[in-house]
Amino acid sequence: MRCGRPSKFSRVRIVLSTLLPVLIALSLLSCTGCPLDPFPGNKTGLSLMSYNLQNLFDDVSQGGEYPEYDPLNGDWGREAYDAKLAAIATVIRRVEPSPDLILVQEAENTGVLERLADEFLPLKGYDYIAAPLADGAAAQTGVLATIPIRNLRIHRAGGSDSERNILELDFLIDGARFVLFNAHWKSRIGGTEATEEERVRAAELILRRIRELEQQDRGIHIILAGDLNCDPYRLGEGYTQALAATHLAPAMPPVIWVATPGTTPKAEGITLYSGWENLPGQGSYYYSGLWERIDHFLWTESLGDGTGWDVTDFLVWKEPLILNQYGTPLPFSAERLEGYSDHLPLLLRLEKRS
């Protein structure tokens, strides 16, 4: 198992404090020289977005792409790459309020996110960008942020050779510490039960890390986001699940319980909170005639206790722009140069209580 490797961001930017410019130099371990609190007393809302981009690849053949995204093999090339970037940027520009942090899954590398920010979202201020490469993985987890990130760590739970990185992002807002995990767990191709072991290992890693963080800092706020390839509202049959809802009765306890905000956490294990139960009949991914809730924002109890920072809104962004005639996600087509993604983006809003 590889756990907790530090990484770095792709940029160096000038950030203005209330007194003077401060040079932000993101080192391997931290944001060296930046103020402890980049938003002293004036940041009362935080908007997050999580989006599986459905394989945002560049137009350079590097040998590790999926075959259909290798420019040497088929329809994928500069024209498709540009059209895909434009489509993703259109979605991001339409989201209100504008996301402070965008957690993405299925980006080929940091370069594609840099180009997305620089050429297609130049006025949005996404100056903190990373998609660290995971050995053997064709597409990565990544982040675009307007907020200075103090630390970026990489975790891998020890699954298949193509296992994707779990990113751990650490930042401060108005004196409050936040840690976000961005994950893209093992897909269910090959069967849900056959692949659940890898998702369980990833969930166990998150569980251990949450416990470590909460022991170190009792006031910390923690969010797990991404495409977890788990729908906790559907029971497995006789095997341990990575996630399961607290109101269900799985045959074996899951690694992480998922609860509706305002409900009592389970006495055993760990409970994270989700807004999915308040959106009946909805999902972010459509497969075999059913909506699935496999994309997530899950948060710890501190973000729903009515004091300090709390989650105030969770929703699926499902504007007609990104839907087909049947009301399901409109995937991107390299042949037609149209579409967006086979997943819908999730949005999470947090506000600071007075």
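All values below come from the heavy atoms of this structure, side chains included, with hydrogens, waters and symmetry mates left out. By convention here, the first residue in the shown sequence is residue 1. As the structure is a computational prediction, the values presented were derived from the model and not from experiment.
Shown here are the ring pair (Phe, Tyr, Trp, His ring centres under 6.0 Å) partners of Trp257, two or more places apart in sequence or in another chain: there are none. Scored by the salt bridge (Lys or Arg N to Asp or Glu O under 4.0 Å) test, Glu197 finds Arg201 as partners (sequence neighbours excluded).
Here Glu292 pairs with Arg234 in a salt bridge; the nearest charged N to carboxylate O distance falls below 4.0 Å. Using a 4.0 Å cut-off between charged side-chain N and carboxylate O, Lys84 and Glu338 make no salt bridge. Under the 4.0 Å criterion applied to side-chain N and carboxylate O atoms, Arg211 and Glu214 are not assigned as salt-bridge partners. Salt bridge status for Asp313 with Arg349: absent, with no side-chain N to carboxylate O gap under 4.0 Å.
Looking only at distances, no side-chain donor or acceptor of Asn165 sits under 3.5 Å from a matching main-chain atom of Leu167. Checked by atom type and distance alone, the side chain of Thr263 never pairs as donor or acceptor with a backbone atom of Ala259 at under 3.5 Å.
A cation-pi arrangement is present between Arg115 and Tyr81 under the rule of less than 6.0 angstrom and at most 45 degrees off the ring axis.
The 12-atom threshold is not exceeded at CD of Glu237, counting heavy atoms of other residues, nucleotides or ligands nearer than 6.0 Å. Within 6.0 Å of CD in Gln216 there are more than 12 heavy atoms belonging to other residues, nucleotides or ligands. Shown here is Tyr239, whose OH atom has more than 12 heavy atoms of other residues, nucleotides or ligands within 6.0 Å. Applying the 6.0 Å contact sphere to CD1 of Ile189 captures no more than 12 heavy atoms from other residues, nucleotides or ligands. Remark: Glu301 CD is loosely packed, at most 12 non-hydrogen atoms of other residues, nucleotides or ligands lying under 6.0 Å away.
Side-chain N/O atoms of Arg199 and Thr195 include a donor and acceptor closer than 3.5 Å. With hydrogens and angles left out, the side-chain atoms of His155 and Glu168 include a donor and acceptor closer than 3.5 Å.
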- Applying ring pair (Phe, Tyr, Trp, His ring centres under 6.0 Å), run through Phe314 and Trp276 and close with a yes or a no. CA-CA 8 Å; Phe314 166 88; Trp276 272 124; 5.4 Å; yes

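Aromatic ring centres of Phe178 and Phe171 lie closer together than 6.0 Å.
Of the residues listed (Asn182, Asp227, Asn52, Thr141), the one engaging Gln105 in a side chain to side chain donor-acceptor pair (under 3.5 Å) is Asn182, and it is the only one.
Looking at Tyr286 and Pro329, their side chains come closer than 4.5 Å, going by heavy atoms from C-beta outward.
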Which side-chain N or O atoms in residues 318-325 pair as donor and acceptor under 3.5 Å with protein atoms at least two apart or in another chain?
from   : atom 1 : to     : atom 2 : distance (Å)
Asn324 : OD1    : Tyr326 : N      : 2.8
Asn324 : OD1    : Gly327 : N      : 3.2
Asn324 : OD1    : Thr328 : N      : 3.1
Asn324 : OD1    : Thr328 : OG1    : 3.1
Asn324 : ND2    : Thr328 : OG1    : 2.8

